Amino acid sequence: MKKISRRRFNTKLSQGIAGTAILGSVGLGYGFSPKKEKKKLGIALVGLGSYSGGQLAPGLQDAEHCYLAGIVTGTPAKEKEWMAKYNIPKKNVYNYENFDSIAKNSDIDIVYVVLPNSMHAEFCIRAAKAGKHVICEKPMAVSVAECDAIINACNEAGVKLSVGYRMQSDPYTNEIKRLVKEKPYGSVRYVSSDAGYISRGNPDQWRLNHALSGGGALMNMGVYSIQSNIYGTGQNPISVAAQEFSSKPEYFKDTDETITAQMEFPEGVVGNLFTSHNANANRLFVSFEKGWAELNPCHSYGPLSGRTSDGKEIKFPHQSQQKLQMDDFAKHIMLGTTNYAPGEMGKRDMIIVEAIYKSIKEGGKKIPLDLGDMGIVRR
Ligand code: NAD
């Protein structure tokens with residue numbers, strides 16, 4: 001087979017030359033000649049904070065289709081520590097300034113942006129311009145316009161894009177999706193989803209700083225409730241109305257503390273959302289015509305727990321959600337399998353986030369949404 005550059009190959013894919021089908025049917029690894037086939041894709045983590053260190057790097061140790069190949073950090077002390085701990089060669093270590101030269105590094109296939117929310121767009125766009133596939137942490141960005149800019153940059157570069165929605169690869173989430181789709185308890189009539197924790201410590205941390213986070217509880221935890229309202233009904237909402245509550249304005253100076261929202265779905269289905277940085281909440285309840293299903297806990301790293309109205313336990317062996325998520329994306333790139341958390345899903349959620357903030361600003365007014373099937377991914 002004639003060799004072509006990755007950039008050109010990806011561009012061809014994005015031009016719709018049935019690339020996915022070709023990759024899937026031939027079962028190619030990732031390379032363009034048998035010699036260059038890769039069994040595992042190399043991931044570079046950008047931002048070595050608590051999520052990268054606590055969940056992503058450990059998850060990558062067990063991953064089957066990807067591995068921790070590189071790091072991008074603004075903190076020189078972390079370079080040595082991570083190189084030693086994860087056996088990362090110096091040539092795969094970057095800082096925020098020289099990051100763009102990652103374009104020349106064939107060890108790195110995927111750049112995973114794990115920085116404060118307001119930095120996602122800049123680094124995802126730079127990664128796409130460097131010809132790398134992109135995983136962008138949630139929330140995808142701090143505005144719909146930034147989500148569009150990331151999606152456009154990835155399309156232009158012909159690289160794949162995914163959002164760090166680990167729940168989309170989690171078996172408990174997928175069991176709820178199955179119950180919604182196969183209807184053993186009938187159709188969904190009502191869904192309620194809560195996601196929150198009590199924020200303590202430094203009141204100036206980036207999550208409570210609007211310029212860096214783009215918002216408070218809603219941006220951080222509320223996106224989980226938005227996601228589970230949607231997979232818990234199998235549909236996008238057609239309107240949302242929201243309220244904001246504040247009990248500690250001296251601590252939550254700059255960002256929302258607690259938000260509730262009501263979503264309206266087609267055919268009279270109703271959704272309820274609660275999110276907070278000042279209350280612990282971690283539950284999904286789905287009410288069907290002939291029963292119910294509940295996950296509690298629902299959004300944490302696991303093990304999760306669930307049950308249905310007929311006394312059945314929802315139970316799966318515990319696995320790292322991050323491993324499952326990154327393996328799913330690597331398989332999507334290598335084998336053309338489904339992208340379970342595409343950029344459009346992150347953008348759709350940001351449209352809903354913006355509608356919720358608009359509703360609050362307008363005194364709880366119902367904001368219509370026209371999302372169609374945007375970002376709905378069925379298993
Ligand atoms: P963190 O504060 O622990 O780490 C942030 C990293 O960004 C640090 O390495 C820090 O040095 C770096 N950084 C660069 N510029 C910075 C600045 N101006 N201010 C603060 N930090 C700066 O945060 P985290 O918990 O690792 O979160 C990072 C991203 O990951 C966020 O977008 C967050 O929403 C997301 N996240 C996702 C999950 C999930 O379950 N999917 C869980 C946790 C965090």
Side-chain angles (χ1 to χ4, degrees), residues 43-60 70-79 81-82 85 93-97 99 111-124 126-127 134-143 146-147 150 162-170 172-173 195-197 199-228 254-256 275 277 282 297-302 304 319-326 328-329 340-341 345-346 349-350 353:
I43 293 192
L45 295 176
V46 187
L48 307 180
S50 58
Y51 193 53
S52 284
Q55 271 72 43
L56 296 175
L60 278 166
I71 49 173
V72 185
T73 176
T75 313
K78 288 185 188 166
E79 293 185 3
E81 183 196 324
W82 279 66
K85 188 167 180 189
V93 176
Y94 297 86
N95 57 43
Y96 300 149
E97 286 72 43
F99 167 59
V111 166
Y112 194 155
V113 177
V114 202
L115 291 164
N117 309 338
S118 66
M119 299 171 77
H120 291 181
E122 178 195 335
F123 280 84
C124 288
R126 285 169 71 181
V134 178
I135 309 178
C136 175
E137 248 321 314
K138 52 60 52 181
M140 186 169 167
V142 296
S143 67
E146 282 192 356
C147 294
I150 296 172
S162 165
V163 181
Y165 282 141
R166 58 190 161 78
M167 303 315 306
Q168 294 291 340
S169 295
D170 179 87
Y172 287 80
T173 300
Y197 64 90
S199 174
R200 293 189 174 93
N202 181 4
D204 296 321
Q205 60 185 280
W206 72 259
R207 279 190 173 81
L208 307 182
N209 173 334
H210 198 279
L212 286 166
S213 62
L218 182 62
M219 292 289 274
N220 186 26
M221 300 305 290
V223 289
Y224 289 106
S225 280
I226 290 172
Q227 285 259 305
S228 44
D254 204 21
T255 54
D256 43 283
T275 189
H277 268 163
N282 190 359
C298 169
H299 303 116
S300 37
Y301 303 143
L304 302 182
Q319 290 191 71
S320 155
Q321 296 163 344
Q322 291 78 12
K323 165 197 127 68
L324 295 173
Q325 170 213 329
M326 292 184 278
D328 274 346
F329 187 52
Y340 293 111
M345 186 184 267
D349 296 348
M350 197 51 55
V353 163

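Every number for a ligand or one of its atoms is a count from 1 in the order of the listing. All values derive from a computational prediction rather than experimental measurement.
A distance of 5.0 Å separates OH in Tyr96 from OG1 in Thr73, rounded to the nearest 0.5 Å. Expressed to the nearest 0.5 Å, how far NZ of Lys323 lies from CG of Leu56 amounts to 14.0 Å. Separating the OG1 atom in Thr275 from the CD1 atom in Ile226 is a distance of 8.5 Å, to the nearest 0.5 Å. Atom CG of residue Asp204 and atom CG of residue Asn209 lie 7.5 Å apart, to the nearest 0.5 angstrom.
Nearest heavy atoms, Met350 versus Pro139: CE-CB, 3.8 Å. Shown here for Ala195 and Ser225, the closest heavy-atom pair between the two residues is N-OG, 3.5 Å.
The nearest heavy-atom contact from the protein to atom 40 (O) of ligand 1 is Arg166 NE, 2.5 Å. Of the protein's non-hydrogen atoms, the one nearest atom 4 (O) of ligand 1 is Gly49 CA, 3.3 Å. Atom 18 (N) of ligand 1 has its closest protein heavy atom at Leu212 CD2, 3.8 Å. Closest to atom 26 (O) of ligand 1, if we only count protein heavy atoms, is Tyr51 N, 3.0 Å. Atom 25 (O) of ligand 1 has Arg207 NH2, 2.8 Å as its closest protein atom, hydrogens excluded (heavy atom only).
Classified by interplanar angle (parallel below 30°, tilted 30° to 60°, perpendicular above 60°), the ring pair Phe99/Phe123 is tilted.
Among Gly53, Gly74, Gly54, Pro116, the residue whose heavy atom sits closest to atom 19 (N) of ligand 1 is Pro116. Nearest to atom 12 (C) of ligand 1 by heavy-atom distance, out of Tyr96, Phe123, Tyr112, Trp206, is Tyr96. Distances from atom 11 (O) of ligand 1 to the heavy atoms of Glu137, Met140, Lys78 put Lys78 nearest.
Residue contacts with ligand 1 include His120, since one or more of its heavy atoms lies under 4.0 Å from the ligand. Residue contacts with ligand 1 leave out Met219, since none of its heavy atoms falls under 4.0 Å from the ligand. Heavy-atom separations between Met119 and ligand 1 include at least one value shorter than 4.0 Å.
Within 4.0 Å of atom 44 (C) of ligand 1, at least one protein heavy atom is present.
Only side-chain heavy atoms of Tyr301 come within less than 4.0 Å of ligand 1; its backbone N, CA, C and O stay farther off. With a 4.0 Å cut-off on non-hydrogen atoms, Lys138 touches ligand 1 through its backbone as well as its side chain. When heavy-atom distances to ligand 1 are checked against a 4.0 Å cut-off, Met221 has no atom that comes that close, whether in backbone or side chain. In Leu48, the part holding a heavy atom less than 4.0 Å from any atom of ligand 1 is the backbone.
Proximity to Gly164 (heavy-atom distance under 4.0 Å) selects the following atoms of ligand 1: 41 (N).
Proximity of Met219 to Thr255: side-chain heavy atoms (C-beta onward) are nowhere separated by under 4.5 Å. Counting only heavy atoms from C-beta outward, the side chains of Leu304 and Gln321 approach each other to under 4.5 Å.
Every N/O-N/O distance between Asn220 and ligand 1 stays at or above 3.5 Å. An N or O contact shorter than 3.5 Å links Leu115 to ligand 1 by distance. Residue Gln322 places no N or O, backbone or side chain, under 3.5 Å from any N or O of ligand 1. Not one N or O of Val114 is nearer than 3.5 Å to an N or O of ligand 1, by distance alone.
Judged purely by distance below 3.5 Å, without hydrogens or angles, the side chains of Gln168 and Gln227 pair a donor atom with an acceptor atom.
Using modelled atom types, one side-chain atom of Arg166 and one backbone atom of His299 make a donor-acceptor pair closer than 3.5 Å.
Checked against the 6.0 Å centroid threshold, Tyr165 and Tyr340 do not count as a close aromatic pair.
The one candidate from Lys138, Met140, Glu137 that meets the side chain to side chain contact (heavy atoms under 4.5 Å, CB included) condition with His120 is Glu137.
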